[in-house]
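Note that ligands are numbered from 1 as they come in the structure, with each ligand's atoms numbered from 1 the same way.
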Amino acid sequence: MKEINMSVGLNQKLQEAKNINLSESQERLEKMYIDGQWISADTGQTFEVCNPATGELVAKVADGSGIETKQAIDAAHLAFKEWAVTSAKERGKILKKAQQIMQERADEIAKLVVLENGKPFKEAKGEVNFALDYFDWFAEEARRAYGTLVPSPFPHKRLWVQSQPLGVVAAITPWNFPAAMIVRKIAPALAAGCTVVLKPAEQTPLTALAIAKVCHDAGVPPGVLNVVLGSNPIPISEEMLNNPKVKKIGFTGSTEVGKLLMAKAAQSLKRVSFELGGNAPFIVFEDADLEAAVDGAIAIKYLRVGGQSCICANRIYVQEAIAEEFIAAFVAKAKKLKIGSGFEPGVDLGPLINETARNKVHQLVEDAVARGGEIALGASYLTKGDYASGSFYAPTVLLKVEDLWPICQEEVFGPVAPILTFQTEEEVVARANHTNYGLASYLYTRDLGRVVRVSEALEYGLIGVNDAAGYTHEIPFGGFKESGLGREGGAKGLEDYLEVKSVVVNLAQ
Ligand code: NAD
């Protein structure tokens, strides 16, 4: 397989990145945030955060474990008493303030996202702006946690149903959207009156600390939000799962880890909300606007963290009559994508998060090729020149692959587009649903009847019809099948942090 040379000048831009002001004090950014204080690990140990575009050290951060997690849970438990009874209006005001401060710091936080995650700066800024609007949405939703007065079947009784915050929430988040996945959890939790102990991914702790600083400066009281960091997630999650003060585990990450956490959470029947992996089908019918479909497929395949997103198109199905035309246009556009450091202007894709991720993607590609798949583009590591120290992978298009091969059954999590063809609507729906995942799916057609039939038949939590932009704050987001439990965002997003209580009042007493 031949390497494509897409080298761009990375080093100058990386120098620029180093000049950024990491918000007042570099020292603070390296520590955990517990009970309103910035603290080192009990052992004094640190772990390294590296830039996936260069392999260079970005920062050393406190390497915590169960001890600090327990401290954070105790602080969150204590803070819950007051935060739960703080009025929803007041909580909303603080969240609005957080939105405003995060907006002011959007460039600075986006630079941290680029440094530790690798995505292009423009995309990182888009993520930060998207993330901070969750503060806004849930600041407003906080005031709408209505109860109901229920007509009583007994003249001497009154019945009402009210919602109350769950308590301490433990949140575990991934590296691919280091800002959005955090705010999508902490904003509804804080709006509902819960307190939070957050463990961000070990690859991207700096963004989490910057968000904690935003909340601190917005007036979130000590203990209401805590951030524990660690190179090993297990002692931290064990404490979260075993500590009776924790009432809920909110997890975004792989289905594999989600299952482990669910089994352990069952021991004490903790509430769980899971946003897990995906295997999105992208279906193009012969009556679709072809150009829009190609643009949509390129965007949702390559331009979201270079394919490392749970809602990225994992399998592209094109109806036979237009397959040749679609493939030619898709490959032509994919060829033009620019790869490099997230600080390089005009870059479309950054590196994969690390070498393990790159190897996994390449193994899936090699397996497909060994089974008879055809390479239309890419299928290689990028290792020359400025790519030498980063985990870059060429945008790849594979043809003549089959539904049951690992490339179509597993979540690829990289810039690889397997394109398959189909004949009928019924056939493609069955093939699209033939997976254990059920997060996002896409269909392109101009036939309204087909829009209704196919969107009703697809077993996915998100259906993009002639749209590949993902979702927005106002609608709930989450998966069918092994893609998750519960929903984040929308009005449902608040409900998942509330417990429902029915009150029966006997007037005769
Ligand atoms: P991951 O499951 O490896 O890690 C996610 C988080 O869990 C990290 O904070 C990690 O430190 C922690 N973790 C890892 N192993 C653990 C263990 N044994 N016990 C406790 N915690 C553990 O996932 P990732 O590689 O960080 O993220 C990619 C995955 O996340 C993909 O599958 C992707 O689809 C999924 N994801 C889903 C959504 C969604 O909204 N559904 C959003 C983003 C990412």
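If you look at E488 next to ligand 1, there are no close heavy atoms at all, none under 4.0 Å. At a heavy-atom distance under 4.0 Å, no atom of F177 approaches ligand 1.
Near L439, the atoms of ligand 1 lying under 4.0 angstrom from a non-hydrogen atom of the residue are 41 (N). Of all atoms in ligand 1, listed by their number and element, those nearer than 4.0 Å to a heavy atom of P174 are 26 (O), 27 (O), 43 (C), 44 (C). Which parts of ligand 1 touch K199 is read off a 4.0 Å heavy-atom cut-off, strictly below it: atoms 9 (O), 10 (C), 11 (O). Listed by atom number, the atoms of ligand 1 under 4.0 Å from S237 heavy atoms are 19 (N), 20 (C). Residue contact check: I172 has heavy atoms under 4.0 Å from atoms 6 (C), 7 (O), 9 (O), 12 (C) of ligand 1. Atoms of ligand 1 lying under 4.0 Å from any heavy atom of E202, numbered from 1 in the order shown and given with element: 10 (C), 11 (O). Applying the 4.0 Å criterion to heavy atoms of T173 picks out, from ligand 1, the atoms 6 (C), 8 (C), 9 (O). Within the listing of ligand 1, atoms 20 (C) sit less than 4.0 angstrom from a heavy atom of L261.
When only interatomic distances are considered, the shortest N/O to N/O separation between S309 and ligand 1 does not fall below 3.5 Å. By the 3.5 Å distance cut-off applied to N or O atoms, G253 is counted among the residues near ligand 1.
The main-chain N or O of A432 is found under 3.5 Å from a side-chain atom of Y460 such that the two form a donor-acceptor pair. In this structure, the side chain of K247 engages the main chain of P244 through a donor-acceptor pair within 3.5 Å.
In terms of protein heavy-atom proximity, atom 17 (C) of ligand 1 is closest to V257 CG1, 3.8 Å. Annotation: atom 36 (N) of ligand 1 to nearest protein heavy atom, C310 CB, 3.8 Å. Atom 34 (O) of ligand 1 has its closest protein heavy atom at E411 OE2, 2.5 Å. In this structure, the protein non-hydrogen atom closest to atom 33 (C) of ligand 1 is F413 CZ, 3.4 Å. Closest to atom 24 (P) of ligand 1 among all protein heavy atoms lies W175 NE1, 3.4 Å. What sits closest to atom 7 (O) of ligand 1 on the protein, heavy atoms only, is F251 CE1, 3.2 Å. In this structure, atom 18 (N) of ligand 1 lies nearest to the protein heavy atom I234 CG1, 3.8 Å.
In this structure, K119 satisfies the cation-pi test against F177, with its NZ or CZ atom closer than 6.0 Å to the six-membered ring centre and inside 45 degrees of the ring normal. Geometrically, K248 engages Y497 in a cation-pi contact defined by less than 6.0 Å to the ring centre and at most 45° from the axis.
Remark: among candidates L276, N176, L260, the nearest residue to atom 37 (C) of ligand 1 is L276, based on non-hydrogen atoms. Nearest residue to atom 13 (N) of ligand 1 from A201, A180, A357, P233 is P233 (criterion: closest heavy atom). Nearest-residue assignment for atom 1 (P) of ligand 1 (options S254, G478, A280, G258; heavy-atom criterion): S254. For the residues M181, R184, M240, the heavy atom positioned nearest atom 40 (O) of ligand 1 is part of R184.
The closest side-chain heavy-atom distance from F135 to C215 is below 4.5 Å.
The pair E402-R371 fails the salt-bridge criterion, with no side-chain N (NZ, NE, NH1 or NH2) lying under 4.0 Å from an Asp/Glu carboxylate O. A salt bridge is defined here as a Lys NZ or Arg NE, NH1 or NH2 lying under 4.0 Å from an Asp or Glu carboxylate O, and R315 with D403 fails to meet this definition. With salt bridges taken as basic N to acidic carboxylate O contacts below 4.0 Å, none links E275 and K185. Between R105 and E108 there is no salt bridge, since no side-chain nitrogen of the basic residue lies less than 4.0 Å from a carboxylate oxygen of the acidic one.
Residues Y381 and H362 have side chains that never bring a donor and an acceptor to within less than 3.5 angstrom of each other. Inspection of the R358 and S391 side chains reveals no N or O donor paired with an N or O acceptor under 3.5 Å. No side-chain N or O of N314 forms a donor-acceptor pair with one of E411 less than 3.5 Å apart.
Per-atom contact check: atom 4 (O) of ligand 1 does not touch the protein, criterion being a heavy-atom distance below 4.0 Å.
The environment of NZ in K481 is crowded: more than 12 heavy-atom neighbours from other residues, nucleotides or ligands sit within 6.0 Å. Residue R431 places its CZ atom among more than 12 non-hydrogen atoms of other residues, nucleotides or ligands, all under 6.0 Å distant.
Test V246, N226, I172 against V197 for side-chain contact (heavy atoms from CB on, under 4.5 Å) and you get one pass: N226.
Not a single heavy atom of F274 lies less than 4.0 angstrom from ligand 1.
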